[in-house]
Amino acid sequence: MEKPEVFYDIKKYMSLPYNFIINYIDDEGEGYYYGRVLELDGCQSTGDTLEELYENIKEAMEGYIETKLENGFDVPKPVNATDYSGKFNVRIPRTLHQRLSFEAEKEGVSLNQYVLYKLAL
């Protein structure tokens, strides 16, 4: 198994394609943007505009990465769709399995197709 590459330079980490999750928050008529970095647990910020949020989240990322490196911790790398197989197993109650199977049969599709449809809603 190949050991993952470790950077010791904040700029190299900052150049990686991290995933941002952004929400618009309406707080009693006062709106602002809230964002976090998916891979960097606890790395978050806010801004009145998307541009301000982007600048603030980049600043938060720099601080997060700098702190991790200074303390000898690994910095998580970005994830992308190719990191996932598209498969996962879920244990569900037998009665739910039965109901979903009946509904899939009624729709004339496989159970997998039906569950995918339900998850995509």
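This chain uses plain numbering: 1 for the first residue, then up along the sequence. Worth saying up front: this structure is predicted, and the values here are computed from it rather than measured.
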Mind checking what makes side-chain hydrogen bond (donor to acceptor under 3.5 Å, both in side chains) contact with Asn80, not counting sequence neighbours?
Thr82

Applying ring pair (Phe, Tyr, Trp, His ring centres under 6.0 Å), name anything that partners Phe73, two or more places apart in sequence or on another chain.
none

I'd like to know if Val79 and Ile57 are part of one continuous hydrophobic network [Ile/Leu/Val/Met/Phe/Trp/Tyr, side-chain heavy atoms within less than 4.5 Å].
no

Contacts of Glu105 that satisfy salt bridge (Lys or Arg N to Asp or Glu O under 4.0 Å) - sequence neighbours left out:
none

Checking Tyr114 now: which residues fulfil ring pair (Phe, Tyr, Trp, His ring centres under 6.0 Å) with it, not counting sequence neighbours?
none

Crowded around Asn23 CG? As in, over 12 foreign heavy atoms under 6.0 Å?
yes

Heavy atoms from other residues, nucleotides or ligands near OH of Tyr54 exceed 12 (cutoff 6.0 Å):
no

Salt bridge (Lys or Arg N to Asp or Glu O under 4.0 Å) pairs touching residues 42-63, sequence neighbours excluded, are none

Holding to side-chain contact (heavy atoms from CB on, under 4.5 Å), I want the full list of residues that pass it with Gln98, two or more places apart in sequence or in another chain.
Phe102

Residue among Leu16, Asp9, Ile10 satisfying side-chain contact (heavy atoms from CB on, under 4.5 Å) with Tyr13
Leu16

Mind listing the closest non-hydrogen atom pair of Tyr64 and Cys43 along with its distance?
CD1-CB, 3.9 Å

To check you understand the geometry: which heavy-atom pair defines the closest contact between Lys68 and Asp74, and what is its length?
CD-O, 4.0 Å

